[in-house]
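Every chain is numbered from 1 and lettered A, B, ... according to where its sequence line falls, protein lines coming before strand lines.
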2 protein chains.
Amino acid sequence: MHKKIMYVCNMANSKLYKGSLTTIILKLLNESEKMYGYEMTQKVKQITKGELNITEGALYPALHKLEAEGLLDVEVKKVDNRLRKYYKLTEKGNKETVSKLEELKDYIKTMETFMNPKLSLE
Amino acid sequence: MHKKIMYVCNMANSKLYKGSLTTIILKLLNESEKMYGYEMTQKVKQITKGELNITEGALYPALHKLEAEGLLDVEVKKVDNRLRKYYKLTEKGNKETVSKLEELKDYIKTMETFMNPKLSLE
DNA sequence: AATTAATACCTAAGTTTTTTATGCATAAGA
DNA sequence: TCTTATGCATAAAAAACTTAGGTATTAATT
């Protein structure tokens, strides 16, 4: 009747993943053309070899928000008598993806500056 | 009497910096031995050429938390009749810094996997 | 001389994002 | 038959940050 509760490892135990979920979703859709939520959780787990597990409690609200903002389009399909909600990027979503990936690059560059501060200071 | 309100640019307009403030603080103290809060905001602005501005509303509570966790020690000094609270890493803080920088490296590596997914997938 | 900007600390309300903990339903496997 | 996997969802709580104040001293500008 009741589901067994077992949490594995959310967001790699690291707070750094906070704020990057949107970027991850957009990049996944940029690669795969169309995906459904559950598929994204599995794909991320696979790509990162289990290091990064996005939780459904974070994912679904995020998808709904992106849809409401006009960045994603949804298409519901029934496969094996089970519903799947396929998401894909809109025109606006494509632009936002480019911008988010730029931000990620900038973020990484900035944080690497902190890692090797000697290079940037006198 | 009243302070002019003028916000410049918080956290580089990017949500990605959420969750990285602690890492930034620890790394700054790892480099500089001891620093005070206001000095940190200026240092970060300088190092990132204005791209990243940490707000005091985020910084001070973060410093208090790190102190409460035993990662930082405080020493109050009066300079020019103005108070400064100098923070430095404790033994525990040094270890946490190593661990946080490891996490940052892992995070960057993982996110770069998303940027160049062809390399990691068949 | 008076106002503003800079230095230096602080906090509290509100927002956003994520975690945690559920809920429902079907299919597959042990 | 019971559990795991698939697939969606939400709601309360926690966490982190933004926004918007506040106090006080010193330096710079008007």
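Asn81(A) has a side-chain polar atom (N or O) that falls below the 4.0 Å cut-off from OP1 or OP2 of dA27(C). Residue His64(A) places no side-chain N or O under 4.0 Å from the OP1 or OP2 atom of dC8(D). Note on Arg84(A): a side-chain N or O is less than 4.0 Å away from OP1 or OP2 of dG7(D). Between Lys65(B) and dA16(D), a side-chain N or O to OP1/OP2 separation shorter than 4.0 Å is present. Side-chain nitrogen and oxygen atoms of Tyr60(A) include at least one within less than 4.0 Å of the OP1 or OP2 phosphate oxygen of dC8(D). Distances shown here put every side-chain N or O of Lys15(A) at or beyond 4.0 Å from the OP1 or OP2 atom of dT18(C). For the pair Thr55(B) and dT18(D), the criterion of a side-chain N or O lying under 4.0 Å from OP1 or OP2 is met. Checking the phosphate oxygens (OP1, OP2) of dT16(C), no side-chain nitrogen or oxygen of Lys18(A) falls inside 4.0 Å. Of the side-chain N and O atoms in Tyr36(A), none sit less than 4.0 angstrom from OP1 or OP2 of dC8(D). Neither OP1 nor OP2 of dT25(D) sits under 4.0 Å from any side-chain N or O of Lys78(B).
Rounded to an integer number of Å, the gap from CG of Asp80(B) to C1' of dA6(C) is 13 Å. Taking atom OH of Tyr17(A) as the reference point, atom C1' of dA15(D) lies 18 Å away to the nearest angstrom. Computed from coordinates, the Glu75(A) CD to dG7(D) P distance equals 16 Å when rounded to whole Å. To the nearest angstrom, P of dA15(D) lies 11 Å from CD of Glu69(B). Rounded to a whole Å, the CD1 atom of Ile54(B) is 14 Å from the C1' atom of dC9(C). If you take CG of Asn53(A) and C1' of dT19(C), they are 13 Å apart, rounded to a whole angstrom. For Glu56(B) and dA8(C), the CD to C1' distance is 7 Å, given to the nearest whole Å. Taking atom NZ on Lys43(B) and atom P on dT7(C), their separation rounds to 15 Å, with Å as the unit.
Closest contact between the side chain of Lys85(B) and the listed nucleotides dT6(D), dT11(C), dC9(C) involves dC9(C). Proximity note for Ala58(A) (side chain, C-beta onward) versus dT19(C), dA9(D), dT7(C): the nearest is dT19(C). Of the candidate nucleotides dA9(D), dA6(C), dT10(D), dA6(C) has the atom nearest to the side chain of Arg82(B).
Under the 6.0 Å distance and 45° angle rule, Lys85(B) does not count as a cation-pi partner of Tyr36(B).
Residue-level contact check: Gly57(B) touches the bases, meaning some heavy atom is under 4.0 Å from a base atom.
Residues passing the side-chain hydrogen bond (donor to acceptor under 3.5 Å, both in side chains) test with Thr41(B): none are found, sequence neighbours excluded. Judged as a side-chain hydrogen bond (donor to acceptor under 3.5 Å, both in side chains), and not counting sequence neighbours, Thr97(B) has no contacts.
A salt bridge links Lys65(A) with Glu69(A): the closest approach of a Lys/Arg side-chain nitrogen to an acidic carboxylate oxygen falls below 4.0 angstrom. With salt bridges taken as basic N to acidic carboxylate O contacts below 4.0 Å, one links Glu31(A) and Lys27(A).
Between the side chains of Thr23(A) and Glu103(A), not a single donor N or O lies within less than 3.5 Å of an accepting N or O.
Looking at which nucleotide of DNA chain D each of Leu83(A) and Leu59(B) is closest to, the 5′-most match is held by Leu83(A).
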